[in-house]
Amino acid sequence: MILLIGAWNVRTLLHRAGTERPERRTALIATELARYRVQIAALSETCLADEGQLSEVHAGYTFFWISRKQDERREAGVGFAIKSNLVNKLAVPPKGINDRLMTVHLPLAKKRYATLISTYAPTMTSPDDVKEQFYEDLPNADKLIILGDFNARVGTDMLHGKES
């Protein structure tokens, strides 16, 4: 079986009343994922509160997310949108580590698993201890697939995280 997986910085999944768009953002995202036949998408910058899941029955996706508490500032948040028919094949549901990391274990042959990680890394302007903690929290596994937004800068104009 071939899986089409991807990553999408959705900027927010919060539904805002009074917008010109009547559909929920999760419904719009599910429709686009279905159009491109993406079966699993790692989502970053979800901005939803706490940890939870919901189903978009029409498009056939289940959304899982983790973020900060309702009363805290939510500028990150990660999750997965998974085709609902695949969710039933998971031994355990996706697991949130913190508001920047969530994992899902996909069953492979011979009782082995691949671990997918949805990530939204701290930006370069974040304090060093926040960045270090993020990398310490990254899971370790045999078959590891990391998806998401690493907020990285690349190129010859960068030297140890500082512009030259």
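Considering only heavy atoms from C-beta on, D149 stays 4.5 Å or farther from T119 through its side chain. Counting heavy atoms from C-beta outward, L4 and Y36 have side chains that stay 4.5 Å or more apart. Using a 4.5 Å cut-off on side-chain heavy atoms (C-beta onward), L116 and F80 make contact. Counting heavy atoms from C-beta on, the side chains of T12 and R25 come closer than 4.5 Å. Looking only at side-chain heavy atoms (C-beta outward), I66 and V78 come within less than 4.5 Å of each other. At a threshold of 4.5 Å between non-hydrogen side-chain atoms, the residues I117 and L144 count as touching. Within the 4.5 Å cutoff, the side chain of F64 has heavy atoms near those of the I82 side chain.
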Evaluation steps, side chain to side chain contact (heavy atoms under 4.5 Å, CB included), between L147 and S118: CA-CA 5 Å; L147 306 158; S118 179; 5.9 Å; no
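K131 pairs by the side chain to side chain contact (heavy atoms under 4.5 Å, CB included) definition with P122, S126, D128, not counting sequence neighbours.
For the atom pair CG of L86 and OG1 of T62, the computed distance is 9.5 Å after rounding to the nearest 0.5 Å. If you take CD on Q39 and OG on S84, they are separated by 12.5 Å, rounding to the nearest 0.5 Å. How far CH2 of W65 is from CD of Q53: 8.0 Å, rounded to the nearest 0.5 Å. Annotation: the span from S44 atom OG to N9 atom CG amounts to 3.5 Å, rounded to 0.5 Å. Rounded to the nearest 0.5 Å, atoms CD (E32) and CZ (R35) are 4.0 Å apart.
When hydrophobic clusters are built by joining Ile, Leu, Val, Met, Phe, Trp and Tyr residues whose side-chain heavy atoms come closer than 4.5 Å, directly or via intermediates, Y113 is not grouped with L3. Transitive grouping of hydrophobic side chains (ILVMFWY, heavy atoms separated by less than 4.5 Å) brings V10 and L54 into a common cluster. Residues I145 and I40 are members of one and the same hydrophobic cluster, defined by side-chain heavy-atom contacts under 4.5 angstrom among Ile, Leu, Val, Met, Phe, Trp and Tyr.
Cation-pi contact between K83 and Y61: present, with separation from the ring centre below 6.0 Å and deviation from the ring axis of at most 45°.
Closest heavy-atom contact between A59 and A30: CB-CB, 3.5 Å. E56 and A27 get closest at one heavy-atom pair: OE2-N, 3.4 Å.
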Between side-chain atoms of residues 97-110 and protein atoms elsewhere (two or more places apart, or another chain), which donor-acceptor pairs fall under 3.5 Å?
| residue | atom | partner | partner atom | Å |
| --- | --- | --- | --- | --- |
| N98 | OD1 | R100 | N | 2.8 |
| N98 | OD1 | L101 | N | 3.1 |
| N98 | ND2 | D137 | OD2 | 3.0 |
| D99 | OD2 | R68 | NE | 3.0 |
| R100 | NH1 | Y120 | O | 2.8 |
| R100 | NH1 | A121 | O | 3.2 |
| H105 | ND1 | T115 | OG1 | 3.0 |

